[in-house]
Amino acid sequence: MTKSVSERLADFVQRATYENLPKEVVHQAKRCLLDTCGAVIAGSYHSTSGKIAQNYARSLEEPPKATIIGTDIMRSPQTAAFANGIAAHALELDDGSRHATYHPGSSIIPSSLALCEAEGKTARDLITAIAVGYEVSVRIGKSMNPHHYLKGFHPTGTVAHFGTTAACCQILNLSVEETVNALGLAGSLASGINQYEIDGSLVKHLHPGNAARNGILTALLTKEGLTGPKGVIEGRLGFCHCFSDRYDISSITKGLGSEYDILSIYFKPYPSCRYVHYANEATLNILNEHPLTPEDIDQIHILTHQNAKQGSDIPDYQTVLHARLSIQYGIASILVRGKAGLQEYTDEAIKDPKVHEIAKKVTIEIDPEIQKLYPNPRSMIVQIKDKKGNIYSSRVDYPKGDPENPMTDEELTDKFIDVTEGVISKKRQAEIIENTLHGSPDAPVRSLMKLLRF
């Protein structure tokens, strides 16, 4: 009898060990861990969403088993994963997959950290869980995107549930049958829609937190005997059919266990939507050759793909989150201030009238040739016309952080130090870097979590 997709994924999860993972996969999982820890620390301190999640956690009376990062409080692993998942996504610093249109780190790593801490697991268990969580969810996301996203769903809230569930089943050493049931539950809990793109509301940050919490919930409920459908992914009424108009089921398990999608993850140098990064980089390329001032600029035109147009064409940004998603704001900030970092995404910064003036000059168009290439590459062309009629253009296919244009370990470390500056001491920064990138596989996860509790 042919195995279902979830049965084949469960086989992979159950067989995976730290020792049989390729060395480059282990290393990449550690890079994802460091990068996400930085995103959570920064989000716990700088974001409204992170503070709201912390206050919610404080209101609960639960056994102190897992750390709410950036605080001195501990709650249930579900609540810790929820709060830390929200903080991880709140500043748009988290890693992503261009093929799955999805940010895996902001849910998989918070759920894995919380459950490993509660269960007394080691770094070996944590890294293995992260690796399988990324693999399962990115493969599912690849199979149905961009159509899942274009239909209005936020994969960081939907697809993420399969990743957190796989990671938590690995941590709890659940059987293949139990893992299949847990994945079945994940399909029913998966949720998240993109209406926040219209008004810039903070609900976007809830999505990975919800997936992080639910990954632990599905694993624990399955352990108690709750069942889910084996055909949850490919079935007639399964996840792919219900959530996307087009999908490729066979791609989910092709090369499973020998090819690893975690190696295709990108990392972010800017605290904004990934589509904005293409625009920022192209604008900087132009400025490096032609030092234009805001007063020189007549028009800015962008050619790109449908996903970027749908998600990031926001000239009239209303909130900080709106600005993080807006290509117009990113370009305008670069042109007016020369940068678009954390300090440029505050309530005060987004009100700058000079930036607004430039943002209104930006138009975005879907280019048929670029669309044909999507998602590899997800190209963007920025054309700046000055008031003399000169047009300057730059095309970006692979912005900094893509596998084709990677951030080195040193660059990821520099990013971690930059986003956590003023939040934790230099000594603690160094200890977290050592524990995540270079720590022993036998080191208890609780040692890392102590460094994240402050």
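- Of the possible donor and acceptor atoms, one in the side chain of Gln328 sits under 3.5 Å from a partner among the backbone N and O of Ile314.
- For His154 and Tyr196, the gap between ring centers is short of 6.0 Å.
- The nearest pair of heavy atoms linking Gly163 to Ile108 is C-CG1, 3.8 Å.
- A donor-acceptor distance shorter than 3.5 angstrom exists from the side chain of Asn194 to the backbone of Phe153, with no hydrogens or angles considered.
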*Would His305 and Tyr275 satisfy ring pair (Phe, Tyr, Trp, His ring centres under 6.0 Å), going step by step from the backbone distance to the final call?*
CA-CA 10 Å; His305 52 85; Tyr275 302 138; 5.3 Å; yes
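- Cation-pi geometry between Arg98 and Tyr266 is not satisfied (NZ or CZ under 6.0 Å from the ring centre, within 45° of the ring normal).
- The minimum heavy-atom distance between Leu437 and Lys30, with the atom names listed, is O-CD, 3.6 Å.
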Please table the atom pairs, donor to acceptor, closer than 3.5 Å between any side-chain atom in residues 212-220 and protein atoms at least two apart or in another chain.
unit_1, atom_1, unit_2, atom_2, d
Arg213, NH2, Asn210, OD1, 3.0
Asn214, ND2, His161, NE2, 3.1
Asn214, ND2, Asn210, O, 3.4
Asn214, ND2, Asn210, OD1, 3.4
Thr218, OG1, Thr165, OG1, 2.9
Thr218, OG1, Asn214, O, 3.2
Thr218, OG1, Gly215, O, 2.9

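- Interatomic distance, Gln28 CD to Leu21 CG, rounded to the nearest 0.5 Å: 12.5 Å.
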*asked:* If you apply the rule salt bridge (charged side-chain N to carboxylate O under 4.0 Å, His left out), what do you find for Arg31 with Asp95, and how did you get there?
replied: CA-CA 10 Å; Arg31 283 159 53 87; Asp95 64 24; over 6 Å; no
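- When side chains are defined from C-beta on, Thr17 does not count as touching Thr128, because their heavy atoms never get closer than 4.5 Å.
- The pair Glu177-Lys230 fails the salt-bridge criterion, with no side-chain N (NZ, NE, NH1 or NH2) lying under 4.0 Å from an Asp/Glu carboxylate O.
- Under the 4.0 Å criterion applied to side-chain N and carboxylate O atoms, Glu92 and Lys268 are assigned as salt-bridge partners.
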Tabulate below the donor-acceptor pairs under 3.5 Å that side-chain atoms of residues 235-243 make, not counting sequence neighbours, or state none.
none

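- Around the CD1 atom of Ile193, the shell of radius 6.0 Å holds no more than 12 heavy atoms that belong to other residues, nucleotides or ligands.
- Between His356 and Tyr329, the ring centre distance reaches or exceeds 6.0 Å.
- Every residue two or more places apart in sequence or in another chain that forms a side chain to side chain contact (heavy atoms under 4.5 Å, CB included) with Thr420 is listed here: Ile41, Phe416, Ile424, Gln429.
- Closest heavy-atom contact between Val40 and Ala88: CG2-CB, 3.5 Å.
- Heavy atoms of other residues, nucleotides or ligands lying less than 6.0 angstrom from OH of Tyr374 number more than 12.
- Taking the side chain as every heavy atom from C-beta outward, Ile252 and Leu9 approach each other to under 4.5 Å.
- The number of heavy-atom neighbours closer than 6.0 Å to CZ of Arg428, taken from other residues, nucleotides and ligands shown, is above 12.
- Every side chain to side chain contact (heavy atoms under 4.5 Å, CB included) that Thr319 has, sequence neighbours left out, goes to Leu321, His322.
- One N or O on the side chain of Arg75 and one on the backbone of Ala57 form a donor-acceptor pair closer than 3.5 Å.
- Residues Arg139 and Glu135 form a side-chain contact, since some pair of their non-hydrogen atoms from C-beta on lies under 4.5 Å apart.
- A salt bridge is absent between Glu259 and Lys254: the closest approach of a Lys/Arg side-chain nitrogen to an acidic carboxylate oxygen does not fall below 4.0 angstrom.
- Between His89 and His103, the closest side-chain pair of non-hydrogen atoms falls below 4.5 Å.
- Between Thr164 and Ala211, the closest heavy-atom pair is OG1-O, 2.8 Å.
- A donor-acceptor pair under 3.5 Å links the side-chain atoms of Asn84 to the main chain of Ile69, judged by distance alone.
- At distances below 3.5 Å, at least one donor-acceptor pair connects side-chain atoms of His277 with backbone N or O atoms of Tyr270.
- When all heavy atoms are compared, the tightest approach of Pro208 to Ser107 is O-CB, 3.4 Å.
- More than 12 heavy atoms of other shown residues, nucleotides or ligands fall within 6.0 angstrom of atom CZ in Arg58.
- Under a 4.0 Å N-O distance rule, the pair Asp11/Lys3 qualifies as a salt bridge.
- Contact of the Asp397 side chain with the Glu404 side chain is not registered, since no non-hydrogen atoms from C-beta on lie closer than 4.5 Å.
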Side-chain polar contacts of residues 341-348 - donor-acceptor pairs under 3.5 angstrom, sequence neighbours left out - could you list them?
unit_1, atom_1, unit_2, atom_2, d
Glu344, OE1, Gly341, N, 2.7
Thr346, OG1, Ala349, N, 3.0

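- Phe454 meets the ring-ring contact (aromatic ring centres under 6.0 Å, His included) test with no other residue; sequence neighbours excluded.
- In this structure, Lys400 contributes its side chain and Pro406 its backbone to a donor-acceptor pair below 3.5 Å.
- Between the side chain of Gln54 and the backbone N or O of Ile68 there is no donor-acceptor pair closer than 3.5 Å.
- Note on Lys426 versus Glu431: no salt bridge recorded, every NZ/NE/NH1/NH2 to OD/OE distance being 4.0 Å or above.
- Taking every heavy atom of both residues into account, Val276 and Gly330 meet most closely at CG1-CA, 3.9 Å.
- Using cut-offs of 30° and 60° for the angle between ring planes, the Tyr260 and Phe12 rings count as tilted.
- With rounding to the nearest 0.5 Å, the separation of CD in Glu234 from OH in Tyr247 is 9.5 Å.
- Panel note: side chain Ser97, backbone Ala100; a donor-acceptor pair is recorded below 3.5 Å.
- Here the NZ atom belonging to Lys142 is positioned 6.0 Å from the NE2 atom belonging to His99, to the nearest 0.5 angstrom.
- More than 12 heavy atoms of other residues, nucleotides or ligands sit less than 6.0 Å from atom CD of Glu19.
- The shortest distance between side-chain heavy atoms of His205 and Ile52 does not fall below 4.5 Å.
- Applying the 6.0 Å contact sphere to OH of Tyr45 captures no more than 12 heavy atoms from other residues, nucleotides or ligands.
- In this structure, Asn145 contributes its side chain and Gly141 its backbone to a donor-acceptor pair below 3.5 Å.
- Of the possible donor and acceptor atoms, one in the side chain of Thr304 sits under 3.5 Å from a partner among the backbone N and O of Ser379.
- Residues Lys415 and Glu411 are not paired through a salt bridge, judged by the lack of any N-O separation under 4.0 Å between the basic side chain and the carboxylate.
- Atom NZ of Lys65 has 12 or fewer heavy atoms from other residues, nucleotides or ligands within 6.0 Å.
- Side-chain contact between Ser106 and Thr156 is present, with at least one heavy-atom pair separated by less than 4.5 Å.
- Taking the side chain as every heavy atom from C-beta outward, Leu113 and Leu126 approach each other to under 4.5 Å.
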